[in-house]
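Everything below concerns the one structure shown next.
Each chain gets a letter, A, B and so on, in the order the sequences are listed, and its residues count up from 1. Keep in mind that the numbers below use all heavy atoms, side chains included, and drop hydrogens, waters and symmetry copies.
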2 protein chains.
Amino acid sequence: MIKTTTTNKTIKVSEVTSVGTANEPFELPDGVLRGLSIDNLIFGLDGSELKVLLIKRGEGIKTGEWALPGGWINNNENLRDAASRLLSDLTGVEHPYLSQLKTFGKVSRFPAERVVTIAYYALVSADDYALTAGFSASEAGWFDIHHLPSLVFDHHEILDYGIKHLQQEIRHHPVGFKLLPEKFTLLQLQELYEAILDKKLDKPNFRRKIMKMKLLSDCNEKQQSVAHRAANLYRFDKKVYQRLTQQGFTFEV
Amino acid sequence: MIKTTTTNKTIKVSEVTSVGTANEPFELPDGVLRGLSIDNLIFGLDGSELKVLLIKRGEGIKTGEWALPGGWINNNENLRDAASRLLSDLTGVEHPYLSQLKTFGKVSRFPAERVVTIAYYALVSADDYALTAGFSASEAGWFDIHHLPSLVFDHHEILDYGIKHLQQEIRHHPVGFKLLPEKFTLLQLQELYEAILDKKLDKPNFRRKIMKMKLLSDCNEKQQSVAHRAANLYRFDKKVYQRLTQQGFTFEV
DNA sequence: TCAAAAGTGTTTGTTATACACCCATGT
DNA sequence: ACATGGGTGTATAACAAACACTTTTGA
């Protein structure tokens, strides 16, 4: 479902890895803020595995080590725009659900000098990802959150925080739908929740719970080319959700 | 319940208001990070009114205007420590529940040069506040969130975001307890939720719901000097909450 | 006809809701 | 005595959990 593709595009991660000498400011590209960076957590769903997008650092310190895709903020650029640009450069995803996660600023989290980083996170669907060919397979890849390589700096801490945040949020807000294609089956939805909450759910009960919320609209379409009875396809009805939310409804799985 | 007190201590807000000339960096105190600040949202409960702590700027630009209490981060200081220090300097509250809210960084949010600010928020109880005498009544005050003065920079945006965040969070996390004194009655708790959720709750059912969570420990004390049967006092048991949370328990009112 | 997943029904225990009721205390 | 809030009991309805079951489809 999620695959890495090979192109001739190069990720510019060199900015993040440049290191100055001991007593002078380390080298930065022109026109960016000093001491402040952005790191993105990009989650995707591959079948029933929750995956995160990592890049392999190409030059400078920590070469060859895995890291969250991030970079510097331009002087005249708003934070979310910077996160969005960096995400787009790395994955080709142009309009994701992208929200600020948390700012990490331990004094010595970055070796060369003090850098505070603002973490953003995005949930992308296989659909969105199919549009993209923004990075080389040798430099980036999707990793099962249960089988991660070791990461640079405090990126493990950021990722752990992001996963916990996602697990919390997915129980109380219908963000899970972002990880699925526009049209999906109830089993796909269930598997998504099982992957993120990391537990098995009862099929009949899950179906009833979801359908009772009336948040799904029937596409009146069936799955194609499956070696079993074709399931009905549904889409998430954002308008109904907004209406119910205003009436005090709270989503919960 | 919440009162401002007068002392001879001066709030040093001058750092935030120093402005350089057009073509050179504006003046900062020594040993602080450039381009990054902290602003605190401090909420308190006065009867059934939610209040926020604001300071009146004393010098520099925007003199006499109301603002969130904030300041600069020391070079060797972690973010939360800086927020905590600033809060303590301004209010005397030493160990509040203080958590990161969001980072605000619009390009032109601060007039002199680009400054990104990390907003923290805290909920303080009348008890905590009674311990403090950290600011002068002419320079700081509690404001009903429905009757706010106009605020400098993007502080209205930060405050609006914080209030919305609080209203959301209070439904799914037991943060409401932070607004009450350490020992409280079930009716106080119920009235807190009735005020914030803006609806009447059934007394017996509310009691059962709360007690079933086992989050309150009995103080084995009664109210004093009340013109009716004295109610039992309870305190919130943080350890039990943390244990239950790890087991997948979710608080909901 | 079999595997795989779709989809339904039913039983049982738990929880929410509404509301009636008694208890303790100061004036 | 009575007003005020503290605190309990209970019938009913709604819901969740567990699991057995039937249906549809492609290979």
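Dashed line: the shortest gap from a side-chain N or O of A/R207 to OP1 or OP2 of C/dG7 is under 4.0 Å.
In this structure, A/E194 places its CD atom 12 Å from P of C/dA5, rounding to the nearest Å. D/dG7 atom P lies 15 Å from atom CG of B/D202, rounded to whole Å. Regarding B/K209, its NZ atom lies at a distance of 11 Å from the P atom of C/dA18, rounded to whole Å. In this structure, A/R229 places its CZ atom 17 Å from P of D/dA27, rounding to the nearest Å. Rounding to whole angstrom units, CG of residue B/D218 and C1' of D/dG7 are separated by 13 Å. Rounded to whole Å, the distance from NZ on A/K199 to P on D/dA16 is 13 Å. Protein atom CD of A/Q223 is 11 Å distant from nucleotide atom C1' of C/dA4, rounded to whole Å. Protein atom CD of A/Q224 is 12 Å distant from nucleotide atom P of D/dT25, rounded to whole Å.
Closest approach to the B/R208 side chain among D/dT10, D/dA16, D/dA18 is made by D/dT10 (side chain taken as heavy atoms from C-beta onward). With distances taken from any side-chain atom of B/A231 to the nucleotides C/dG7, D/dG7, D/dC19, the minimum falls on D/dG7. The side chain of A/P204 has D/dA20 as its nearest neighbour among D/dA20, C/dA20, D/dT10. Candidate nucleotides C/dA5, D/dA18, C/dG7 were compared by shortest atom distance to the side chain of A/L187, and C/dA5 ranks first.
Each of A/A227 and B/A227 has a nearest nucleotide on DNA chain C; the 5'-most of these lies closest to A/A227. Mapping A/K212 and A/V226 onto DNA chain D by nearest heavy atom places A/K212 closer to the 5' end of the strand. Both A/N205 and B/H228 lie close to DNA chain C; mapped to their nearest nucleotides by heavy-atom distance, the more 5′-ward contact belongs to A/N205.
Applying the side-chain contact (heavy atoms from CB on, under 4.5 Å) test between A/L68 and each of A/I55, A/N40, A/I158, A/I38 identifies A/I158 as the sole match.
Evaluation of atom-type donor-acceptor distances gives a pair under 3.5 Å for the side chain of B/K203 against the base of D/dG7.
Put simply, the side chain of A/Q223 never gets that close to the backbone of A/L233: no donor and acceptor are under 3.5 Å apart.
Here B/F251 and B/Y241 keep their ring centres 6.0 angstrom or further from each other.
Taking the ring axis of A/F104 as reference, the NZ or CZ atom of A/K102 stays within 45° of it and closer than 6.0 Å to the ring centre.
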**OP:** Starting from the C-alpha separation in whole Å, work towards a yes-or-no answer on side-chain contact (heavy atoms from CB on, under 4.5 Å) for A/S150 and A/W66.
**Re:** CA-CA 7 Å; A/S150 110; A/W66 292 98; over 6 Å; no
